[in-house]
Each structure stands twice: as structure tokens, then as C-alpha cells.
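In this text the structure is predicted, and so the values were computed from the model without any measurement. Throughout, protein chains are lettered first and strands after them, A, B, ... in sequence-line order, and every chain is numbered starting at 1. Just the heavy atoms: all of them, side chains too, but no hydrogens, waters or symmetry mates, feed the values below.
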Protein chains: 2
Amino acid sequence: MAEARATLLVIEDDAEIRRFLRSALAAEGYKVVESANAHRGLVDAASHKPDLAIVDLGLPDFDGLQVIRGIRGWSPMPIVVLSARAREHAKIEALDAGADDYVTKPFGVGELLARIRVALRHRARSREGVVVLVLGEATVDLEARKVTRRGKDIHLTPIEYRLLACLAAHLGMVVTHRQLLTEVWGPTHQADTHYLRIYMKQLRDKLESDPLRPRHFVTETGVGYRLVCDD
Amino acid sequence: MAEARATLLVIEDDAEIRRFLRSALAAEGYKVVESANAHRGLVDAASHKPDLAIVDLGLPDFDGLQVIRGIRGWSPMPIVVLSARAREHAKIEALDAGADDYVTKPFGVGELLARIRVALRHRARSREGVVVLVLGEATVDLEARKVTRRGKDIHLTPIEYRLLACLAAHLGMVVTHRQLLTEVWGPTHQADTHYLRIYMKQLRDKLESDPLRPRHFVTETGVGYRLVCDD
DNA sequence: TTGCGGCGTAAAAATGCCGTTAGGAATCGC
DNA sequence: GCGATTCCTAACGGCATTTTTACGCCGCAA
């Protein structure tokens, strides 16, 4: 099952492995870009700005380590190394050069996919400056005030947005009715908890995959609401 | 060469491997905390707040996966799994459960150290000053109003939560019936000690490992109740 | 043994909150 | 001004939570 369509860059000279990876990754819903050599890989990494790079160490033109260092020079994108070299020294070298993981050939697809998920998970969490929430099939960019769902833009009214922002400010924590009402409607409306119910439904309808069984806008009966995010 | 004296938690039942890891990690300048079983591991993870946890999957008391989920329930600390199980399925399971890396035994120390460096490198710093109670296999984040047990979220009703908070406020000390009733139900219900029995059972059912033999919600006959924590 | 008080357990009954819907008022853009 | 959007009000059914009610267990003392 795919996250919101991440782009993966595969830098690998062996055409067969490339084909194999392409189908496996595409089947998971990833968008795949391929480069057959180190030079091309560096160019593609810069131009496509993928969410993750899979790098073979044994490349024809120059060493995979240089690719890692090259990418690391300007981007923190996760790098998963794929290599036939199982020697410990090679692994240490690659990891210390900036790789995030090292998988030796032959490898199981399932494991590789799992490690890719881990790497993408990290990236999602480490982007602290840009506040982007991932709520199932919806994403919320608090800074840009942009909300999308399945790639399409979703429009939020001012109140809906303030409510969401208030919940997001205390991500994972319970925000009391009182807090929400004061933040969104002002201190004079602390009693009108029914506003919350209505607008909470709006948000759920717009952002939850299954609005009838909310997974992200969780109600804490008698207390308030909680926004849960999946990393 | 050491990072700035990070604390590492080793959860491993084999005493020999533990000793081996201790010396290897200490030689790198890490501070090492050790736990010999899963239960102890979860407690130590919460009380010592290490920068990273190394978890063996084959633990005697319960599965290492539960340790991973248990820690993930309240902390984003990096988790490196160490395991004799090389089956792909085991790896996928652990990684998807929230582990950041998976190293199979036998392993090279150098590789393990490199992978630890990677994990520490992109460690997202956890929330500062979190108050997390540890009650056996359950954890309680009072501020976020979040309770987990074996990694799964537990839902508390408002009264259950207030009762727990009241006990936690006087951690380790006896809280009288009178106090509890006044705090939770208000001064008019000081006679209904009956409520306490009912909700105390709810809390024990939800949080105690063995609700019939409570270890944390201790009753002081004729006086009140006491909350006992692990650290 | 028997009765009693404190405690634990269980399930039904009552309460109040919450989700949902629809329609009308206010506001904004044109 | 007019339409469209946004916001507020009101009502109802369902359900989580709370409260009530009832019973079994244990230790203790008469």
C-alpha cells in the first residue's frame, strides 16, 4: 500500500536488476526514476529531487561512495545502498559516508521495501521546519496553508483551518473543548461546544478516508479532540 | 570515535552478548544501560530516556516486537534490532513495527557501530521534559493524555483519567478515599467510596499486567489507594 | 460458626454528550 | 444588487460514560 506517491531514484547499472526494482517499486505505488550510471544518477538526483535514492555501489563510471557524498553535499534525502559487497568494511564506509541503510545482494524484495519505508518514515519526521502533516491520504502544509487529498487541493474555510491548526499545534495530544473554542471563536464562546461538533465533521468529511470512522480526528468524549498523525 | 556521550539501552537476555556489547559500546564512549528482559527493558527505556535502544528479538518474557511497539507508543527514539532470526518476514515485521534497523547475528561490531551512528545521526529529538509514568508494560503520558500498553493505545474515560492523575500527583503515597472523591467527583460525593472500587477496577483492568494481582494500583484497606511506579 | 464491614466484580439502567442533518442568516465577491 | 459561500441555529437519534443496583469473597470478631 502506497504512501502519497513518493518518488524513488534507482541508480543501478545492471539492466535486469533495474527492471526488477522498477516493477517491484511501482507495484507499491512509488514513482520510479532510473539512472544507469553514477554521473547520470547525480544529475537525476538534483533534477528530479526524489524522496529517496537507491544506490548500487558497483557502478561503471565511478564509485558509488562518491554518489553518496555527492548527494549528501546538498541534500539530506535518504540513501539506501544496494551492493554485492558484503565485506564489513564496505558497509561501514558507505554508512559513514552518509548512506542510511545498506542491503547486500541477493536481497529479499520485502526487506528492501520495508527498509525503504523506514527511510521514508525518517524523512517525514526530520523535516521539522516545513510542517507537513500526513493524515492517511491527505496532507496538510501548515505554513503554506495548503491541504491536499489524493493529490487534489482541498479548500478549507477560515474556521476549519484555524481549528485544524489548533489541533496540529498540539499534535497527538488532547486539546480541550475550552482551548479549541477560545483559540478559534474567542473567549466569549467557551460554552458553544456544538460548534466544534459541526466543524469537526466538516474536517473529517474533507480529510478522513472514512469520515464515519475517523482515524485522525479522534474525539475524547467529555474532554476534547486529538489529532493523530501517522509517520 | 564517540558522539557526545550518548546513552544507549541494551535489551538482551544473553549475558555474554551483553557483556560483549557493553565493552564495545563503552569503548566508543557511549554510556550503556542494560536490561535482561523485555519487561525491564520497557521500564528502563522510559526511566533512563536513552538516545537509542538496541533490542534483541528473542527475549524470554515476551516478544521483542512488543518492546518495539511499547517504546514507539511514546517515544521516537531510534531502535536497532539485534536478532538471530534471519528470515525475511521477521525483519519486515520488526521494521514495520517501528524499528529503525535490523542486524542479524552473528554480526560485525564495526557494522553495528556504523549503524548506530546512522541511527543517532538522524535521531529526531524527542519532546523535552515529557512526564511519562511507567507501570509495568503500560506507559502514561499525563500531559498528552496518552496511555499505551504493549504498544497499543488505551482509551481512558474522563473519570478514569482524573482518578489516575490524582493518584499520580501523589506518586507512591497513599491517597485517602476522601481526597480522591473530592478531587474526582467533587466535595459532595465524599461518601461514595463505592465509585472508587468500580473505577479502580477499570484502571487495573486496563493498565495492570495481572489485574487480579495489582502491582501498581495498591489498595490500602480502610484508608485509600496508592500508585506505585517502576522507576 | 455466624454476622459484619470493606472490597472486588458484574451487568443493567440512566444520563448526557456526540454525530449528523438540514435550513436559514450573514458575509463576501462580482 | 445578486449569487455563492460561509457561518450559525436547531433538533433528533445513537452511543459512550456514568450511575445505579446487586452479588460473591475474604478477614475478623463475637
Side-chain angles (χ1 to χ4, degrees), chain A residues 145 147 153-167 174-181 183-186 188-227, chain B residues 145 147 153-167 174-227:
Chain A
R145 274 185 159 247
V147 180
D153 279 23
I154 298 287
H155 176 70
L156 294 188
T157 71
I159 286 195
E160 285 165 6
Y161 185 81
R162 271 183 297 181
L163 192 53
L164 176 57
C166 186
L167 287 168
V174 176
V175 190
T176 64
H177 295 144
R178 214 194 165 73
Q179 269 181 286
L180 290 169
L181 287 165
E183 286 269 351
V184 179
W185 280 271
T188 56
H189 291 76
Q190 293 192 357
D192 305 323
T193 60
H194 56 273
Y195 289 173
L196 289 177
R197 292 203 277 279
I198 293 173
Y199 282 93
M200 204 55 65
K201 170 157 178 60
Q202 297 282 23
L203 285 177
R204 296 209 250 235
D205 280 348
K206 289 187 177 177
L207 299 179
E208 289 273 6
S209 307
D210 181 2
L212 293 175
R213 303 161 73 102
R215 288 194 34 210
H216 302 99
F217 295 86
V218 182
T219 134
E220 298 281 335
T221 310
V223 185
Y225 293 86
R226 175 208 305 272
L227 182 62
Chain B
R145 224 186 171 88
V147 180
D153 279 21
I154 299 289
H155 178 70
L156 295 188
T157 70
I159 286 196
E160 286 164 7
Y161 180 82
R162 287 208 298 270
L163 192 53
L164 176 57
C166 186
L167 287 168
V174 181
V175 190
T176 64
H177 295 146
R178 211 196 168 74
Q179 265 181 288
L180 289 170
L181 287 165
T182 324
E183 286 268 353
V184 179
W185 279 271
T188 57
H189 290 76
Q190 294 192 356
D192 303 321
T193 61
H194 180 75
Y195 290 168
L196 290 177
R197 290 201 278 281
I198 294 173
Y199 281 94
M200 204 55 66
K201 170 162 175 58
Q202 295 281 56
L203 285 177
R204 296 208 251 237
D205 279 349
K206 289 185 177 179
L207 299 179
E208 289 274 5
S209 308
D210 181 2
L212 295 175
R213 303 229 185 101
R215 288 192 35 213
H216 302 99
F217 295 87
V218 182
T219 134
E220 300 283 337
T221 308
V223 185
Y225 294 87
R226 173 210 306 272
L227 182 61

Rounded distance in Å - CZ (B:Phe217) to C1' (C:dC7): 17 Å
Which residues share a ring pair (Phe, Tyr, Trp, His ring centres under 6.0 Å) with B:His177, sequence neighbours left out: B:Tyr225
Length of the CG-P vector between A:Leu212 and C:dG19, whole Å: 12 Å
Interatomic distance where CG belongs to B:Asp192 and P belongs to D:dT18 [whole Å]: 15 Å
B:Val174 and B:Val218: CA distance, side-chain angles, deciding distance, side chain to side chain contact (heavy atoms under 4.5 Å, CB included) verdict: CA-CA 9 Å; B:Val174 181; B:Val218 182; over 6 Å; no
Value in whole Å for how far the P atom of D:dC7 lies from CG of A:Leu196: 14 Å
Distance in angstrom units between A:Gln202 CD and D:dC7 P, rounded: 9 Å
Ring pair (Phe, Tyr, Trp, His ring centres under 6.0 Å) against B:Phe217, all qualifying residues, sequence neighbours excluded: none
For atom NZ of B:Lys206 and atom C1' of C:dG8, their distance in whole Å: 17 Å
Whole angstrom value for the distance that separates C1' of D:dT6 from CH2 of A:Trp185: 13 Å
Interatomic distance, B:Gln202 atom CD to B:Ile159 atom CD1 [nearest 0.5 angstrom]: 10.5 Å
Heavy-atom check, side chain of B:Tyr199 versus side chain of B:Leu164, under 4.5 Å: no
N or O in side chain of B:Tyr199 less than 4.0 angstrom from D:dT17 OP1/OP2: no
Partner residues of B:Asp205 under the salt bridge (Lys or Arg N to Asp or Glu O under 4.0 Å) criterion, sequence neighbours left out: B:Lys201
Ion pair check, B:Lys206 and B:Glu160, cut-off under 4.0 Å: yes
Residues forming a side-chain hydrogen bond (donor to acceptor under 3.5 Å, both in side chains) with A:Thr221, sequence neighbours excluded: none
Residues which pass side chain to side chain contact (heavy atoms under 4.5 Å, CB included) with A:Glu183, listed by chain and number, not counting sequence neighbours: A:Cys166
For nucleotides 24-30 of chain C, list the nitrogen or oxygen atoms of the protein found under 3.5 Å from its nitrogen or oxygen atoms, one pair per line.
none

Set of residues satisfying side-chain hydrogen bond (donor to acceptor under 3.5 Å, both in side chains) with respect to B:Asp192, sequence neighbours excluded: none
With 3.5 Å as the limit, what N/O pairs link the protein to nucleotides 16-18 of chain C?
| unit_1 | atom_1 | unit_2 | atom_2 | d |
| --- | --- | --- | --- | --- |
| C:dC18 | OP1 | A:His177 | NE2 | 3.4 |
| C:dC18 | OP1 | A:Gly222 | N | 2.7 |

Enumerate the protein-to-nucleotides 21-26 of chain D contacts in which both atoms are nitrogen or oxygen and the separation is below 3.5 Å.
| unit_1 | atom_1 | unit_2 | atom_2 | d |
| --- | --- | --- | --- | --- |
| D:dT21 | O4 | B:His194 | NE2 | 3.0 |

Interatomic distance where CG belongs to A:Leu203 and P belongs to C:dT20 [whole Å]: 13 Å
Minimum-distance nucleotide (side-chain atoms of B:Lys201 versus D:dC7, C:dA10, C:dT21): C:dA10
Partners passing ring pair (Phe, Tyr, Trp, His ring centres under 6.0 Å) against B:Tyr161 (at least two apart in sequence or in another chain): none
Main-chain N/O of B:Arg145 paired to A:Arg226 side chain as donor or acceptor, under 3.5 Å: yes
Under the side chain to side chain contact (heavy atoms under 4.5 Å, CB included) test, residues paired with A:Ser209 that sit two or more places apart: A:Glu137
Proximity to DNA chain C (any heavy atom under 4.0 Å), residues of residues 155-167 of chain A only: none
Separation of A:Met200 CE from A:Leu163 CG (nearest 0.5 Å): 4.5 Å
